[in-house]
Amino acid sequence: MKFTDLLDLSINNLKRRRLRTFLTVLGVVIGTASIVVMLSLGIGQSESNKEMIESYGSLTTITVYSNAMYGPQDGSTDPLYLTDDSIESFKHLRHVTGASPILRYTAIAKQGVYEAYLSLQGVSHEYMENIPLSEGRVPPEDAAELSIIYGNQAINDFQNSKTGEGYWSTGETPDVDLMDRTVFIIFDRDKYYSQGSTDADGNIIPSPKKYIVPTAGIVDGGETGYGNYSYGAYCDIELLKTKLKSIFKKGTIPGQPTNSKGKPLGYFVYDSAEVYVDDMDHVSEVQEAINSMGYQASSNMEWLEQSQDSMRMQQAVLGGIGAVSLFVAAIGIANTMMMSIYERTKEIGVMKVLGCDMDNIRDMFLIESGFIGLMGGLVGIVLSLTISKVINVLYLRSNAAMYAVSTGDISRIPMWLLLLALIFAVLVGMLAGLFPALRAMRLSPLTAIRNE
Amino acid sequence: MDADTRTKSNRKPIISVRDLYKIYRVGDNRVHALDGVSFDIYKGEFVAIVGASGSGKSTLLNMLAGLEPPTKGEISIAGKRIDRLSESQLVAFRRTNVGFIFQSYNLLSTMNAEENVAMPLMFRGVRRSERLAKARKLMKLVGVLDQAEHMPNQMSGGQQQRVGIARALVSDPRIIFADEPTGNLDSRTSMDVLRLMQRLVREEKQTLVMVTHDDSIASYADKRIRISDGKIISMEENDGER
């Protein structure tokens with residue numbers, strides 16, 4: 001029997017019982033739409049979560065710390081510092097495209113009566129180039145003079161040195177202009193706080209030298225925006241090292257470790273380093289490699305993976321809730337098909353007497369139930385797209401009123417979900433129709449002879 | 001005597017039945033619906049199986065048409081043993097060898113007359129245009145061409161049965177079985193239908209096996225197999241006088 005003839009027969013049979021077909025299809029529509037919408041919420045949640053984490057920094061960047069900077073050292077072995085050598089060894093790991101050290105140094109910034117602890121981070125040129133700026137520009141790679149990029153929130157760290165009041169106590173932004181007015185940087189904090197008093201030899205400690213360090217730029221984000229770089233202050237690491245060496249000469253630079261005799265090491269030890277990986281999929285592999293070298297590596301990817309794990313659980317629950325209604329729809333299909341077989345017992349018998357293959361009879365019923373699934377799936381997809389749109393518009397409205405920020409759509413339906421839902425609906429239809437179809441196939445042809 | 005019956009002893013029978021038994025179990029009792037039946041039917045014969053209700057005549061027809069298996073015995077049709085075929089083999093056998101006329105016509109209500117006639121060809125995978133052309137040819141033969149596009153519920157019983165006969169003929173079967181073909185028709189229409197069947201046997205060289213409980217209807221056949229309590233009690237042949 002030709003497939004087109006089978007299809008014709010099946011569709012004719014569905015047309016014959018329009019209302020019943022419609023009601024059965026309606027069940028599949030609701031089932032499909034509820035699965036798709038539920039999953040779209042889960043997908044929306046996990047995608048916006050991913051976007052949020054990505055906004056805190058690249059997913060392919062690993063941050064490396066060394067325990068040696070903090071933990072107690074037994075002195076028997078050299079502590080595992082992050083040095084230029086270790087940076088070099090990271091660069092040789094597989095999938096690593098680059099590594100750059102970060103040197104933290106806390107200095108004091110002063111402008112007029114205002115002063116602030118400045119958590120200065122010496123970073124590579126590439127690092128600075130990734131910082132989004134609202135004003136100014138990243139200092140060129142071959143710059144000879146130290147200049148600083150301030151975070152957009154850095155201004156709020158300034159306190160009035162006379163009253164001790166600042167943004168965090170008054171809520172008012174200090175009268176500081178980092179861009180247009182001169183900022184003085186004091187690198188020698190110890191001297192600054194002990195100036196005027198006498199040292200062990202009875203000499204009066206002079207005030208430390210103040211340096212004018214130009215501002216290269218301000219991080220994008222305005223006064224309220226919060227981002228990865230909002231609170232920091234960034235400068236070129238090489239220029240910072242040169243500056244610190246010239247200030248402290250042979251002495252110990254504050255924050256740098258010393259050897260067992262209390263003497264400076266003669267090289268810089270970094271607080272942390274950033275390692276760049278070629279692809280998201282390789283991040284955990286590289287991270288493990290670095291951990292096994294004895295360092296502490298962490299990445300946003302790790303965070304993402306953890307949150308994705310728990311999201312997957314939520315998605316499964318959401319999908320399961322949706323699946324229940326499709327399951328009910330499947331029972332509806334099975335019921336409709338059984339009814340149809342009872343009604344058509346004689347007809348099936350006649351077809352068998354006239355030589356219709358048993359397989360054809362089975363296929364005819366499978367096509368019917370599959371077709372119910374297909375129609376329900378198609379309409380269900382359209383319905384779920386509409387519902388998803390409505391959810392997003394409503395969510396955006398209530399969200400816009402509350403936070404004034406867009407967090408993106410909470411219901412997202414990717415193409416693959418639509419396709420999968422359609423295939424699933426057809427499969428469920430055919431599966432629900434399988435038992436009735438087999439039953440029809442096995443009906444005795446004698447039913448055709450019987451006369452009621 | 002016509003040419004066919006004169007030479008039949010020299011030819012092989014188209015249907016050959018030997019020691020056929022059909023035993024149903026009803027509770028603890030065994031009911032012998034057929035109790036050792038043997039006969040031959042030759043090509044071009046119009047045979048009536050006659051018997052009262054419960055005589056086993058319908059059971060016999062069902063087994064000849066391969067609709068239910070015998071308990072014991074042999075049925076050969078065109079030299080092929082059909083008592084050993086599986087259900088799907090029987091379907092295939094019917095599709096190529098058997099036409100069937102039902103008491104209650106059994107036209108599919110969703111199809112019009114010509115589609116109903118063409119249905120057995122659809123099961124064979126014949127193209128639609130081809131099978132509808134064949135259907136119309138046979139509808140002309142049985143005189144219902146003007147009904148081609150009518151639905152079954154728009155036709156009279158006689159018209160429906162003629163459509164049913166055209167459907168039985170459409171696949172050029174070796175044998176046509178008819179189960180009380182006039183059971184739902186009035187006597188005038190019954191006569192028309194029986195004349196038509198006689199004509200088809202004579203002009204189209206068809207073999208037709210009909211089951212009936214009515215002697216007057218059976219008298220239209222060339223040969224009558226009378227059956228009672230599962231046994232053949234007599235076989236009569238017309239001597240060409242019809």
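So you know, we letter chains A, B, ... as the sequences are listed, proteins then strands, and number each from 1.
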Exercise. Atom CZ of A:Arg16 and atom OG of B:Ser109: how far apart are they, to the nearest 0.5 Å?
Worked result: 5.0 Å
Exercise. Which atoms of A:Leu9 come close to chain B, meaning under 4.5 Å heavy atom to heavy atom: side chain ones, backbone ones, both, or neither?
Worked result: side chain
Exercise. Going from OG1 on B:Thr110 to NZ on A:Lys15, what distance comes out if it is rounded to the nearest 0.5 angstrom?
Worked result: 11.0 Å
Exercise. Around atom CZ of B:Arg81, are there more than 12 heavy atoms of other residues, nucleotides or ligands at under 6.0 Å?
Worked result: yes
Exercise. Distance from B:Glu115 atom CD to A:Asp5 atom CG, nearest 0.5 Å?
Worked result: 10.0 Å
Exercise. Got a sec, which residues hit side chain to side chain contact (heavy atoms under 4.5 Å, CB included) with A:Asn335, two or more places apart in sequence or on another chain?
Worked result: A:Met339
Exercise. Is it the backbone or the side chain of A:Leu354 that comes under 4.5 Å from a heavy atom of chain B, or both, or neither?
Worked result: both
For this session: May I ask you to name which of A:Asn13, A:Val353, A:Val350, A:Asp8 has the most heavy-atom pairs under 4.5 Å with chain B?
Result: A:Val353
Exercise. Take atom CZ in A:Phe424; do more than 12 heavy atoms of anything else shown fall under 6.0 Å from it?
Worked result: no
Exercise. Taking everything shown except A:Phe327 itself, do over 12 heavy atoms lie less than 6.0 Å from its CZ?
Worked result: no
Exercise. SG/A:Cys356 to CE/B:Met119 distance, rounded to the nearest 0.5 angstrom?
Worked result: 8.5 Å
Problem set entry | Test applied, side chain to side chain contact (heavy atoms under 4.5 Å, CB included); reference residue, A:Lys2; option that passes from B:Arg124, B:Met122, B:Arg128, B:Arg127 | B:Arg127
For this session: Look at atom CG of B:Asp229 and say whether more than 12 heavy atoms of other residues, nucleotides or ligands are closer to it than 6.0 Å.
Result: no
Seminar exercise, completed: Output for pair (B:Arg95 CZ, A:Asp357 CG), nearest 0.5 Å, gives 4.0 Å
For this session: Would you mind checking which part of B:Leu67 comes under 4.5 Å of any heavy atom in chain A, side chain (CB onward), backbone (N, CA, C, O), both or neither?
Result: both
Exercise. Charged N to carboxylate O below 4.0 Å: is that the case for B:Glu87 and A:Lys352?
Worked result: yes
